[in-house]
Protein chains: 4
Amino acid sequence: MVRLGLVGTGRIGQLHVETLLKSQIGELVGVTDLNLDAARACAERYGVPKVAHDVQDLLHNYDIQGLLICSSTNTHANYCLAAANAGKHIFCEKPIDADLARIDAVIHEVERTGVKMMVGFNRRFDPNHRRIKQSIEQGKIGTPHLLHIISRDPAPPPLEYIKVSGGMFFDMTIHDFDMARFLLGEVDEVYASAAVRVDPRIGEVGDVDTALITLKFLDGSLGTIDNSRQAVYGYDQRVEVFGSAGVLRSENVFPDEVTLSTAHSVERGLPKNFFMDRYLASYQAELETFVRCIAEDRGTPVTAHDGRAPVVMALAAQKSLAENRPVKLSEIQP
Amino acid sequence: MVRLGLVGTGRIGQLHVETLLKSQIGELVGVTDLNLDAARACAERYGVPKVAHDVQDLLHNYDIQGLLICSSTNTHANYCLAAANAGKHIFCEKPIDADLARIDAVIHEVERTGVKMMVGFNRRFDPNHRRIKQSIEQGKIGTPHLLHIISRDPAPPPLEYIKVSGGMFFDMTIHDFDMARFLLGEVDEVYASAAVRVDPRIGEVGDVDTALITLKFLDGSLGTIDNSRQAVYGYDQRVEVFGSAGVLRSENVFPDEVTLSTAHSVERGLPKNFFMDRYLASYQAELETFVRCIAEDRGTPVTAHDGRAPVVMALAAQKSLAENRPVKLSEIQP
Amino acid sequence: MVRLGLVGTGRIGQLHVETLLKSQIGELVGVTDLNLDAARACAERYGVPKVAHDVQDLLHNYDIQGLLICSSTNTHANYCLAAANAGKHIFCEKPIDADLARIDAVIHEVERTGVKMMVGFNRRFDPNHRRIKQSIEQGKIGTPHLLHIISRDPAPPPLEYIKVSGGMFFDMTIHDFDMARFLLGEVDEVYASAAVRVDPRIGEVGDVDTALITLKFLDGSLGTIDNSRQAVYGYDQRVEVFGSAGVLRSENVFPDEVTLSTAHSVERGLPKNFFMDRYLASYQAELETFVRCIAEDRGTPVTAHDGRAPVVMALAAQKSLAENRPVKLSEIQP
Amino acid sequence: MVRLGLVGTGRIGQLHVETLLKSQIGELVGVTDLNLDAARACAERYGVPKVAHDVQDLLHNYDIQGLLICSSTNTHANYCLAAANAGKHIFCEKPIDADLARIDAVIHEVERTGVKMMVGFNRRFDPNHRRIKQSIEQGKIGTPHLLHIISRDPAPPPLEYIKVSGGMFFDMTIHDFDMARFLLGEVDEVYASAAVRVDPRIGEVGDVDTALITLKFLDGSLGTIDNSRQAVYGYDQRVEVFGSAGVLRSENVFPDEVTLSTAHSVERGLPKNFFMDRYLASYQAELETFVRCIAEDRGTPVTAHDGRAPVVMALAAQKSLAENRPVKLSEIQP
């Protein structure tokens, strides 16, 4: 059994705890949190053996092999550096950091120490996205030409969060930037158009809530990302990849498959509304994969470099939006 | 151009007139109707050259090759006999008659005179049903095991019609009996269960409005027919054939493919509601086929025998319902 | 925490063990099995505290409040009697027994001792079936008129199992008989038609593998159950309820929502293929409900009487098939 | 009956002839074509009374009220001017011209003479697009935020055509530019990205075959148009409009609604493949609308200005692509 520690016992942290409860190959030996009461409550609820005083305690005193970093984003880089320095493998929620130089420092330390690092782009492990990826690789649609990612949240996060999140491109589109790379490879140029359509207060704090981003891939294909902070009908997560031999399309996931036809319409209920419900299986498969990479001493499928690239794309999108022009990723430097 | 005459200028008759207007291989040279004013109005509206006094006039004085019989059911057999006797090919709306002896007289005369006869089971020419039929013949589902026909009308016909129609099995299920034979071949035994669920007045005039009929086919497969006089959401016409290698299913036909997702539901509009809208293409293809059979001197795909078999099934279903037991078709004799 | 014991550590038993691992209201304190090695392996794998020698040991020495009976069908009735006699609540996998007199003995003992009993018709807890049930109760389709249950297995069980299972109506249709009652209430009459279409060896051991069963409900509605031992495209589980104000239909559940359009077809993968995958959520919700009924001292939603009724229907279907006539449930007596 | 003349007896011209055959309010009294043999063949086939020597003959000698212009694009403007000058109403296939100054001359003459003019953007009359338009107007999705138009042809036109068509934005995207305006109103800015992905020979003649175009609308909403010259699975025509209260989506139109499930997949056939099949109903409704506007002396729903605007958008898209930057429509002048 792979021995793991966890820092950050919030919503995502607890989800990982639950996944490890059922794992046949990994176990959680200790948790910690800047709020130690929260860490204690989590440990009690799930029967985690130990609560560490802090990350250093967790890294050095419980014989763990890997650290799961689920704390707030501004702590990610430091915890990554500490874990690498202690020779512990790293699973880090996205994004590593909003600052490229700090990400590069993490990458450097990870490479220097030789620990494994995996970044939490869980959607790569979703059955829908994974099937699309596999079908592309199997040549089902020939050469890809066009990509569309629809990614709309059911409701905006609190304004307080938006103020500190780094903006929609960083807290929301970042997943879609990763998905674009996952499906079609490296991007060369970004053009971002965006607007405040959902809530003027989002604009007042300097962010946008609606965006269309055009991507030009290195291989010559083209793509768009469609984002909205508020799809009133629920969490809208769809992908379409069009190629020389066909098209792959994913639909939303619904809690049931029942339709009702009446004198007025043919209707069904709404899609799954909450990201942790919609992506539950992908969070589980993601963590299971990380544990397996340690157990079998294999490379991780989402590397520190994969954690860096979407940040570059987000920075390019910000620049594109500010200057209303297409921006090459090569323009973005630490 | 095949020269045709038409008796019966009601709804279905006019539909056939419109089809012949566009035909490259057939033309309508004369019409008649027991109500001669209706015949004249029809001829004027569509530019039909002649209005005949009656069927004999139409059969003998306009050099027609075939007669389209779209008059009321009780006249079908006599007009068939007259047409055959005059050496004219026959297209007769379903059913030929409700009386087996009269049907047999028609069959005898058709065989004696050698004219072609085709019965108007238009649904065989619907793109959905036809594709299912073809896919079965191509072996796509292997050996058929089970059949379901859902066939529900959007609203009951007028009570006055129900009183004289011969009952639901004759005016409505007759299409489904034909569809069952079309798809899976001859039936050996019928068990009918039925009820009055839609409108008690239908029960008061001695009919049912809701039915489930079990069919045992000669080849050993089993099937059901589901009928209702009233599907409030529109005309419901679906077929499912399950076999050793798969299942074929048809869905209803909609006027558009638009869905609307709101905070309440994902919805679309209702399916096509009117049988002449839903089955427009099948009526056209059916008549075009009849004309082509004359033009190319080929046998018709729906024969007088095909017109007889569903009547036997309807009589068996009536007997089954009256006696609440499965009834062999061999029990039904003229 | 409600303290529970489990007898029978096979496939279903283990599923219940996993559910209890995550439960906030129930815990498994001991397991047993006629094969004690299997019980020990299960306890070790899932960390169950105790392995009892036998059911009596489990009932009397571990302070349990309820017994989960997941052993082979022929042991169900005896274990139910023992549990009731010991004052323990009972969760019993379906069916209680194939013999009505023995079921009645269990019902009598349960009523005498006042323990709670719940029978494992898990499909009632499936999100699809539950939504249909709720929508009927909310009047979404008005008065029900017609019901169709499609219930086809991906592949037949081993012949050895079929020989002892009591026949398809008992081991497979039993779920659909329960579903029919769950959705539309009590049945008055059954007409069963069936055939051997999948594998002649099934016929040689005296069973059928394909069936269409017509149900007449006490309230006047009509229904069919469609069963096949082998749907090559996967587990086919659909329900349709048609009523005066609309129709409810459930579709199969798929592992993903991806479609692929090529030059040949528009296609998607197959539905979930394994019943424990398809009905995982319903098994979990079912057991959670049982535990909650104990914790909150409420009546169970699937009673011993609900366990008896589908057995009556299966016996009626057998009689109907043997005599090729509709059979009233009132003809079936212990 | 409104009396009409037709110039241009090619594919689209013949379709309009067929529509008028069934019209209750309009009739075709004469046709002409630069190729007079083609005009004569058309007249004979459909029974058109007269073949005119040329457009002037048609305009002045047959007492027509309106002229249908279905000839090659380079003749449109001159025929429009001639018709307006003769006081005849104009139905002109899209585009009026590729040159803004010539379009403006037509608009000027139409306004001076007061004739009605309608441009053939038939897709506005498609049941799917029309329902989306109506649903937006009815407020079903609140305020629109985002638009996606997927518009892919089944196969590229001949290279000879591409050389003279004015490029993909003019011969293909022009429909989508109109659709964007039809659904969300005026566009302020265009950013076009495009590539040669389908056939390098298309690039060699200076065109692209794959495009993603971003639109910024005056009201602040954003949109994309996705074009490919070759969707191997057929004609792909979908629209999605996302707004504050929901989303509207249209799916492709299929020739039948049959699915086949086998051991390998769940599949259906391909969507309608040919634009005249897919949009047959819209061509018919469009022409019927034009005739009705004359008969009832009402304004046309697609004006000469509506014919000009998509040309401006196409020119802006060309400029955007050439300069790889967003282009304001106000930059485009005659």
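If you're wondering where the values come from, they're calculated on a predicted model, not measured in any experiment. Here is the naming used below: chain letters follow the sequence lines, and residue numbers restart at 1 for every chain. The basis for the numbers below is simple: all heavy atoms, side chains too, and nothing from hydrogens, waters or symmetry mates.
Classification of A/K328 and A/D188 as a salt-bridged pair holds, one side-chain N sitting under 4.0 Å from a carboxylate O. A salt bridge is absent between D/D126 and D/R131: the closest approach of a Lys/Arg side-chain nitrogen to an acidic carboxylate oxygen does not fall below 4.0 angstrom.
Contacts with chain D (heavy atom to heavy atom, under 4.5 Å) involve these residues of residues 152-180 of chain A, listed by number: A/R152.
Interface remark: of the candidates D/G243, D/G223, D/G220, D/G220 forms the most heavy-atom pairs closer than 4.5 Å to chain A. Here D/L212 is the residue among D/L212, D/V232, D/T224 with the most heavy-atom pairs under 4.5 Å with chain A. Between chain D and the options A/T214, A/D236, A/V196, heavy-atom pairs under 4.5 Å are most frequent for A/T214. Residue with the most contacts toward chain A among D/A195, D/S193, D/S244, D/A231: D/S193 (heavy-atom pairs, distance under 4.5 Å). With respect to chain A, the highest number of heavy-atom pairs below 4.5 Å among D/I141, D/V198, D/I150, D/V247 belongs to D/V247. In terms of heavy-atom pairs under 4.5 Å with chain A, the best-connected choice from D/K216, D/R325, D/Q230 is D/K216.
With a 4.5 Å cut-off on side-chain heavy atoms, D/D209 and D/D207 do not count as touching. Inter-residue side-chain proximity for D/S221 and D/L146 is flagged as unmet; no heavy-atom pair is nearer than 4.5 Å. Looking only at side-chain heavy atoms (C-beta outward), A/Y279 and A/Q237 come within less than 4.5 Å of each other.
Checked by atom type and distance alone, the side chain of D/S261 never pairs as donor or acceptor with a backbone atom of D/V266 at under 3.5 Å. Distance alone, capped at 3.5 Å, is enough to place a donor-acceptor pair between the D/S250 side chain and the D/V239 backbone.
Contact of A/R249 with chain D is made through the side chain alone, with heavy-atom distances under 4.5 Å.
With 3.5 Å as the limit, one finds a donor-acceptor pair spanning the side chains of A/N324 and D/E189.
Checked against side-chain contact (heavy atoms from CB on, under 4.5 Å), D/A245 has no partners two or more places apart in sequence or in another chain.
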